[in-house]
Amino acid sequence: MTDSARPTRVRIAPSPTGDPHVGTAYIGLLNYIFARQRGGQFILRIEDTDRTRFVPTSEQMIFDSLRWLGLDWNEGPDVGGPYGPYRQSERTKIYREHVQMLLNNGTAYRCFCTPEELEAKRKAQMAAKVAPKYDRTCKYLPKETIEANIAAGKPFTIRMAVPEDGSTTFRDELRGEIVIDHNNVDDQVLLKSDGFPTYHLANVVDDHLMQITDVIRAEEWISSTPKHVLLYSSFGWERPKFWHMPLLRNIDKSKISKRKNPVSLIYYRESGFLPQAVINFLGLMGGGMPTLNPIEAANAGSTKEVDIFSVAQMVEKFEFQRISLGGPVFDLVKLKWLNGEYLRALPQEEFVAALKQTILSDSYIRVIAPLVQTRLETLGQWGDLTDFFFRDNVAPPAEVWVPKKRTPEETLAFAAEMLTSLEGTDWTTEAIDAALRALLTAKEWSVKEAFMLLRAILTGSAQSPPLLESLVVFGKARSIDRIRRFIDNQKKAAANTKK
RNA sequence: GGCGCCAUGGUGUAAUUGGUUAACACGUCGCCCUCUCAAGGCGAAGAGUACGGGUUCGAUCCCCGUUGGCGCUACCA
């Protein structure tokens with residue numbers, strides 16, 4: 001059972017629940033480097049077991065974004081491999097078979113409690129200031145009851161039977177031993193009533209079946225690692241090594257989120273960040289690259305070179321043991337500086353090519369053109385009508401964005417509502433229109449007021465091509481970011497004038 | 001609340017693993033260059049390493065406690 005003989009195999013397992021996330025890219029990069037350093041394999045697995053959050057277009061965006069960043073995988077849903085399928089929704093039979101093994105050896109049991117019952121119990125526990133935990137009602141159900149329930153067609157989940165005392169100890173390769181008392185481990189649902197597995201089951205089964213040697217994932221998983229360790233032993237399997245990486249943070253140190261940061265890889269690509277810069281920046285998060293010694297630094301010519309490196313250099317020099325465990329703030333300011341460095345270093349031909357691939361691409365211009373064709377008299381007016389599509393900063397004056405009968409405060413509050421609503425909207429004119437109208441009716445805003453506000457935020461002006469179409473063309477990721485930045489900027493400005 | 005993880009300038013990281021005036025990069029400010037703005041060059045301010053105790057001749061580094069931040073606490077991942 002020595003793992004030294006096993007060839008290194010690592011994986012990332014994103015969920016297709018929306019836009020591909022920078023956190024996925026971060027963990028992806030780390031896994032990629034880890035595999036390359038050891039001549040191992042890097043696997044992409046799609047964890048699409050939550051049908052309520054499933055977004056059909058998400059998977060392809062994940063593929064595209066990771067490829068854009070240059071993080072190629074050896075095995076995955078789209079490239080195949082010997083351990084497929086690599087999409088969990090296609091592996092439900094495997095999970096059911098495995099959960100049966102657990103049922104057979106008594107390390108799992110059926111639970112007939114309804115979501116409502118569970119919710120009520122949880123509330124009661126919270127009210128009593130007790131740690132919310134499943135009370136094991138169904139753990140010791142008599143055989144006859146279980147069979148009767150099944151015969152009656154009562155829906156059930158399957159839970160893991162966590163030992164009622166003792167503790168689980170595991171080793172985190174970066175932190176050392178971590179001990180968690182079983183009192184603090186819930187009887188986790190392994191198989192949902194819809195027949196799909198939860199993360200915990202699917203993850204362990206797949207990692208084992210796919211021969212994963214090292215689990216390199218975000219720190220948020222530490223607390224549930226005992227569940228996974230317990231599962232490995234319930235199955236009688238050797239467990240992988242666990243490496244928990246620090247969590248990327250917002251400026252306020254909270255876990256990075258779309259409310260406070262552009263978090264979509266689509267955003268970075270569409271806003272004209274270079275993949276090398278994004279990857280380089282991610283490589284800076286948490287350290288890991290050894291500092292140049294003074295001689296190397298002198299040879300490099302400039303000390304800032306220590307912050308600039310490629311994936312190849314990371315593969316060569318990155319040391320996982322050097323990673324610092326404090327969650328790094330994802331600082332857009334430094335990313336922009338880095339991106340500027342890469343842009344300036346580009347040969348002119350490549351710089352032009354980069355423009356033509358992104359912000360000046362044929363496909364982008366093609367979708368903008370119909371919006372302005374009827375509105376211009378000479379081609380020279382193109383820029384007048386479309387500038388906001390090509391700009392990063394638009395700053396509408398207050399007389400444009402504050403409706404006559406509203407105060408700046410209530411307008412900003414409405415903008416914030418709009419942001420929340422649009423975040424959860426499909427990016428089509430119909431869906432945006434519906435969302436907007438629902439909101440404005442609820443808040444008693446006129447169509448004119450609401451649309452003008454959004455127009456001002458998006459374009460910086462009171463005149464523009466059709467708003468909804470413009471939003472769609474500009475893209476969800478960038479539109480959302482523009483609204484968010486507008487609100488932030490106005491709040492800052494208001495705070496400053498008060499001082 | 002419970003459990004866990006973490007803690008070096010505003011931000012990201014260094015500090016030959018206990019011996020330095022605590023270093024580098026971003027950002028900020030100033031100067032130079034310059035038709036402007038960037039870029040580039042030069043320089044400055046900014047932490048005494050969260051706090052309090054130990055251990056030690058000596059702690060950023062080891063130990064304990066406190067505080068704070070973050071995460072988890074779902075039929076989400």
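Lettering of chains follows the sequences in order, A, B, ..., and the numbering in each one begins at 1. The analysis underlying the following values was restricted to heavy atoms, covering all of them including side chains, and did not include hydrogens, waters or symmetry mates.
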Between [X] and [Y] (salt bridge meaning N to carboxylate O under 4.0 Å), is one present in this structure?
X	Y	result
A:Arg45	A:Glu47	yes
A:Lys121	A:Glu117	no
A:Glu219	A:Arg175	yes
A:Asp481	A:Arg478	no

Discussion item. Is A:Arg159 close enough to B:rA74 that one of its side-chain N or O atoms is under 4.0 Å from OP1 or OP2 there?
Written reply: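 Answer no for this pair, as no side-chain N or O of A:Arg159 is under 4.0 Å from OP1 or OP2.
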Worksheet item: Can you check whether A:Arg322 has a side-chain N or O nearer than 4.0 Å to OP1 or OP2 of B:rG12?
Response: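 Negative; the distance criterion is not met.
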Practice prompt. Could you tell me whether the side chain of A:Thr49 reaches within less than 4.5 Å of the side chain of A:Arg91, counting heavy atoms only?
Written response: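 They are not in side-chain contact.
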Worksheet entry | Sub-4.5 Å side-chain heavy-atom contact between A:Tyr86 and A:Leu44 |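 Result no, sub-4.5 Å side-chain heavy-atom pair not found.
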Side chain of [X] only, please: which of [options] is the nearest?
X	options	result
A:Trp337	B:rA25, B:rG12, B:rU73	B:rA25
A:Arg53	B:rU13, B:rC76, B:rA15	B:rC76
A:Arg344	B:rG40, B:rG12, B:rA77	B:rG40
A:Asp307	B:rC5, B:rA25, B:rC75	B:rA25

Within this structure, what is the [atom1]-to-[atom2] distance between [X] and [N], rounded to whole angstrom?
X	N	atom1	atom2	result
A:Leu118	B:rC75	CG	P	6 Å
A:Arg217	B:rC5	CZ	P	15 Å
A:Gln125	B:rG1	CD	P	18 Å
A:Leu174	B:rC5	CG	P	13 Å
A:Leu191	B:rC76	CG	P	11 Å
A:His200	B:rC72	NE2	P	11 Å
A:Leu325	B:rG71	CG	P	16 Å
A:Lys133	B:rG4	NZ	P	14 Å

Say you pick atom [atom1] in [N] and the same atom in [M]; how far apart are they, in whole Å?
N	M	atom1	result
B:rC63	B:rU55	C1'	7 Å
B:rC24	B:rA14	C1'	7 Å
B:rG9	B:rA22	C1'	11 Å

Discussion item. Looking at A:Gln348, I want to see if its CD is surrounded by more than 12 non-hydrogen atoms of other residues, nucleotides or ligands under 6.0 Å.
Written reply: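 Incorrect, the count does not exceed 12.
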Item to complete: Step through the shown structure and confirm whether more than 12 heavy atoms of other residues, nucleotides or ligands are within 6.0 Å of CD on A:Glu97.
Response: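 Buried by this count: over 12 neighbours within 6.0 Å.
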Worksheet item: Do A:Phe273 and A:Trp68 have their ring centres less than 6.0 Å from each other?
Response: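 Centroid separation for A:Phe273 and A:Trp68: 6.0 Å or greater.
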Mind checking if [X] touches a base, just sugar-phosphate, or nothing, with heavy atoms under 4.0 Å?
X	value
A:Met126	nothing
A:Ser15	sugar-phosphate
A:Thr49	sugar-phosphate
A:Thr52	nothing

Item to complete: Sugar-phosphate means primed atoms, P, OP1 and OP2; the rest is base. With that split, encode nucleotides 42-50 of chain B 5' to 3' as B, S or - using protein heavy atoms under 4.0 Å.
Response: ---------
Worksheet item: Is the NZ or CZ atom of A:Arg110 positioned over A:Phe112's six-membered ring, under 6.0 angstrom from the centre and within 45° of the axis?
Response: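 No, A:Arg110 does not lie over the aromatic ring of A:Phe112.
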Worksheet item: Looking at residues 242-258 of chain A, who's got a heavy atom less than 4.0 Å off RNA chain B?
Response: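 Contacts with RNA chain B under 4.0 Å: A:Leu247, A:Arg249, A:Lys253, A:Ser254, A:Lys255.
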